[in-house]
Amino acid sequence: ISMTLEHGAHRIGKRIDSKMSRWRNYGFGQFIHWGLYAIPGGHWNGEYYGGAAEWIRSWKGMPNEDYDNLYTEFDPVDFDPKAWAEQAKDMGARYMIITTKHHDGFCLWPSEFTDYDVTNAPYGQDIIGPLVEAYDAEGIDVYLYFSVMDWNHPGYRSKLETAEDREAYEGFKEFTRNQLLELLERYPSTKGLWFDGTWDAAWKEQAEFADNLAMEMREMIPGLIIGSRFRPDDYGNRHFDSNGDLMGDYEQGWERKLPDTYEDTKGNDWDCVMTVPENQWGYHSDWRGHVKTSYELIEMLVKSVSLDGNFVMNFGPNGQGEIRKEERQLAKEIGEWMHKNQKAIYDCGYIDWEKQDWGYYTRNRESGEVYMIVFNKPINGALRIKTPAKINLDKIFDLNGPQKTYRPEEIHRNEYFIHLDEALLETPKVIVIQYSEATNQTKGYD
Ligand SMILES: C[C@@H]1N[C@@H](c2cn(-c3ccccc3)nn2)[C@H](O)[C@@H]1O
């Protein structure tokens, strides 16, 4: 039985308007985490901090007042938004998500509603505006990350226990609304908001406030795209309401992890946001543990698109505003692959052909063309293709290089091998399949 909810999901199923189709077709995005945490870069008083660099304020090794005074040092003289946007373009990102305010409450835009912003730092200028302009100029859509949790604001509470808490939190809610409307006013070309820091008990009581605020933001910018991490329902449930329906325009549950199967996605739109090291979003000068290679990141991107999602790779510029060499190198390598294979990523999504060990299928949502993205070439070079019934494979050929075509060897009904003859694969290989649905007369049973 389903419960009547005032503030649960207001739509069942995917948004089908053109702005959401544009979002759905991105495939690949860039996350940028930048703020005061980039100054200490995971160290303080010569001590190494092993947590996520953007959480260093919560570490006992760094007194809160030391962190809170970092704004007096924020002067990223090397910040070059055009260079960042150019690099993102070369990498093949089609949208970008920038931290306007992370959990620490420091605002990268001149906010009317707090002094804890860039205008009171030595840098003294708006960071968000030039980024929006530079990325818009490259044709890369900009989304604004906003943390509801705000360790700087006196009215912020993680839970509401006393009357004083509730009184203070009303002021915090007003402040949050003011800042969000201010951001949409200042940066009207933004296509959506990426909310974070909404797991607190205090916020989980704000179903009506959040629902109204989402509506108000959408009145300001019709079609604004807001994921499932913004609002709680009447019972404090997030992402999925008490009836199990997704709240928001896409699922934001895949942080540093990927769905394994299409069933895991519940048929919703979704994004995966991914760090290069195990768990560093903000700049950490000493990455420890496994740092992902471009090969691993390309596979995550391909897997995301094959399961109807977008893959968003994180960058953490340093305190001077430079993008570190490891990230520049990854952007270059991923861009080289994307330049040759973007047709298998852009405007593509899931197709219900049985997944095979050699890699992933994607399908262009307009043309219906299918792409085999081969990561694992079997020893015998035979790539298995199993299609649903009544599918004819009309043409199969390499996306790149001499237009080599493949003649599928039928091994069972709707099951084929195509034979790769090249020796080793240097990079993931894309093969194009043009198919058609057989008309109703079936082939004779031979
Ligand atoms: C997108 C990422 N989300 C932020 C985050 C995640 N978490 C978190 C908090 C509790 C459990 C698991 C994850 N806390 N902050 C990270 O700081 C980064 O901004």
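Each ligand, and each atom within it, is numbered from 1 in the order the structure gives. Side chains are part of it too, since the values below use all heavy atoms of this structure and drop only hydrogens, waters and symmetry mates. In this text, all values refer to a predicted model and were calculated from it rather than measured experimentally.
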Sorted by chain and residue number, the salt bridge (Lys or Arg N to Asp or Glu O under 4.0 Å) partners of E278 (sequence neighbours excluded) come out as R256
Minimum-distance protein heavy atom relative to [atom]:
atom                    : value
atom 14 (N) of ligand 1 : W55 CZ2, 2.9 Å
atom 4 (C) of ligand 1  : D196 OD2, 3.1 Å
atom 8 (C) of ligand 1  : W199 CH2, 4.2 Å

Residue pairs passing the side-chain hydrogen bond (donor to acceptor under 3.5 Å, both in side chains) test with at least one member in residues 288-302, sequence neighbours excluded, are D286-R288, H290-E296, T293-E296, S294-E333, E299-Y360
Would N310 and Y250 count as having a side-chain donor-acceptor pair, cut-off 3.5 Å? no
Report the residue from Q252, R238, H239 that forms a side chain to side chain donor-acceptor pair (under 3.5 Å) with S228. H239
H102-ligand 1 polar pair, N/O distance under 3.5 Å: yes
Is there a polar contact, in the sense of an N or O pair closer than 3.5 Å, between W194 and ligand 1? no
At a 4.0 Å threshold, what atoms of ligand 1 neighbour a non-hydrogen atom of H33? 1 (C), 18 (C), 19 (O)
Heavy-atom distance under 4.5 Å between the side chains of V370 and W353, does that happen here? yes
Here's one to test your reading of the geometry: is the NZ or CZ of R324 within 45 degrees of the ring axis of W287 and under 6.0 Å from its centre? yes
Any non-hydrogen protein atom below 4.0 Å of atom 16 (C) of ligand 1? yes
Strictly less than 4.0 Å: does any protein heavy-atom distance to atom 10 (C) of ligand 1 fall in that range? no
Which one of E255, M149, Q252, Q280 has a non-hydrogen atom at the shortest distance from atom 2 (C) of ligand 1? E255
Passing option when T100 is tested against L108, L183, I127 for side-chain contact (heavy atoms from CB on, under 4.5 Å): L183
